[in-house]
Amino acid sequence: MTFTDKLNRIVITTSNAAAAPTAASLSRAQVPLLRTTVPQFAAGSVSAARRAGQSVVVVRYQGDSAQDPVTGKVVRDAFERYVYFHNGVELDLTLSGPVKADNVDPWRIVSDSVRWNR
């Protein structure tokens with residue numbers, strides 16, 4: 001599922017997982033994949049965090065946006081991927097927007113809003 005507004009984007013994907021992800025497991029599995037799929041990928045950090053009382057792993061990185069079909073412009077984006085786990089389901093919430101944009105508060109609101117139906 002993808003939501004976009006101007007230059008900001010939210011992508012949500014789910015998958016089955018046998019175990020909760022760790023910073024080490026995402027560094028081994030997701031970061032190399034991102035390196036091959038995100039144009040001009042630049043690694044940031046992978047760390048454990050808490051969002052609304054839940055343990056998550058956050059992957060931060062930068063990359064180029066897709067070319068705008070109208071203007072042809074490419075924007076340098078900052079990405080934060082929050083990886084949640086609950087009862088064998090992994091949820092990836094990827095937030096992106098232009099580098100140096102003030103996305104701290106909106107991204108915290110979105111990443112704190114994830115709730116699992118029990």
Side-chain angles (χ1 to χ4, degrees):
M1 184 178 310
T2 302
F3 303 93
T4 58
D5 180 41
K6 297 177 185 69
L7 298 175
N8 296 297
R9 187 174 186 173
I10 299 172
V11 178
I12 302 167
T13 60
T14 59
S15 60
N16 294 326
T22 63
S25 69
L26 293 182
S27 292
R28 283 191 309 271
Q30 281 195 7
V31 172
L33 180 60
L34 292 168
R35 189 175 308 284
T36 63
T37 59
V38 175
Q40 299 300 310
F41 174 83
S45 62
V46 181
S47 59
R50 300 220 26 105
R51 286 294 184 265
Q54 301 178 66
S55 295
V56 298
V57 179
V58 184
V59 182
R60 291 180 175 89
Y61 56 98
Q62 291 185 4
D64 286 352
S65 70
Q67 185 177 32
D68 183 284
V70 176
T71 65
K73 290 184 180 180
V74 173
V75 175
R76 187 69 176 164
D77 279 338
F79 294 82
E80 288 190 3
R81 176 175 286 186
Y82 295 84
V83 183
Y84 302 80
F85 178 82
H86 179 73
N87 288 343
V89 176
E90 181 177 298
L91 181 138
D92 291 355
L93 169 67
T94 304
L95 308 169
S96 62
V99 169
K100 298 187 182 177
D102 186 9
N103 287 318
V104 173
D105 290 334
W107 287 3
R108 179 166 293 278
I109 290 167
V110 172
S111 61
D112 277 344
S113 70
V114 173
R115 301 289 186 274
W116 297 98
N117 288 333
R118 304 213 180 236

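Given the structure is predicted, the values throughout are model-derived calculations rather than measurements.
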Does [X] share a hydrophobic cluster with [Y], counting links as ILVMFWY side-chain heavy atoms below 4.5 Å and allowing steps through other members?
| X | Y | answer |
| --- | --- | --- |
| Y84 | V110 | yes |
| I10 | L7 | no |
| V59 | L93 | no |
| V58 | V11 | no |
| V57 | V38 | yes |

Any donor-acceptor pair under 3.5 Å linking the side-chain atoms of E80 with those of N103? no
| task | Compute whether any side-chain donor of one residue and acceptor of the other, for R9 and T4, lie under 3.5 angstrom apart. | result | no
For the atom pair [atom1] ([X]) and [atom2] ([Y]), what is the distance rounded to the nearest 0.5 Å?
| X | Y | atom1 | atom2 | result |
| --- | --- | --- | --- | --- |
| F85 | T22 | CZ | OG1 | 12.0 Å |
| Q40 | Q62 | CD | CD | 11.5 Å |
| R81 | S111 | CZ | OG | 14.5 Å |
| W107 | S96 | CH2 | OG | 6.5 Å |
| H86 | T14 | NE2 | OG1 | 13.5 Å |
| L34 | L26 | CG | CG | 9.5 Å |

Considering all heavy atoms, the nearest [X]-[Y] contact:
| X | Y | answer |
| --- | --- | --- |
| S27 | P32 | O-CD, 3.3 Å |
| V74 | S65 | CG1-O, 3.5 Å |
| A43 | R35 | CB-NH2, 4.3 Å |

Exercise. Could you walk me through whether D64 and R76 pass the side-chain contact (heavy atoms from CB on, under 4.5 Å) test, one step at a time?
Key: CA-CA 5 Å; D64 286 352; R76 187 69 176 164; 3.1 Å; yes
*Measure up the F79 and Y61 rings against each other and bin them: parallel (under 30°), tilted (30 to 60°), perpendicular (over 60°).*
parallel
For Q30 and V46, what are the C-alpha separation, side-chain angles and deciding distance, and is it a side-chain contact (heavy atoms from CB on, under 4.5 Å)?
CA-CA 10 Å; Q30 281 195 7; V46 181; over 6 Å; no
Checking side-chain contact (heavy atoms from CB on, under 4.5 Å) for the pair N87/W116: CA distance, chi angles, key distance, verdict?
CA-CA 10 Å; N87 288 343; W116 297 98; over 6 Å; no
Are [X] and [Y] packed together at the side-chain level, in the sense that at least one heavy-atom pair is separated by less than 4.5 angstrom?
| X | Y | result |
| --- | --- | --- |
| V114 | R51 | no |
| N8 | P98 | yes |
| Y82 | L95 | yes |

Self-check item: Full working for side-chain contact (heavy atoms from CB on, under 4.5 Å) between F3 and I12
Solution: CA-CA 9 Å; F3 303 93; I12 302 167; 4.1 Å; yes
Q) Does S25 reach the main-chain N or O of P21 with its side chain, forming a donor-acceptor pair under 3.5 Å? A) no
request  = Please check if the side chain of D112 supplies one atom and the backbone of A52 the other of a donor-acceptor pair under 3.5 Å.
outcome  =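 Such a contact is found between D112 side chain and A52 backbone.
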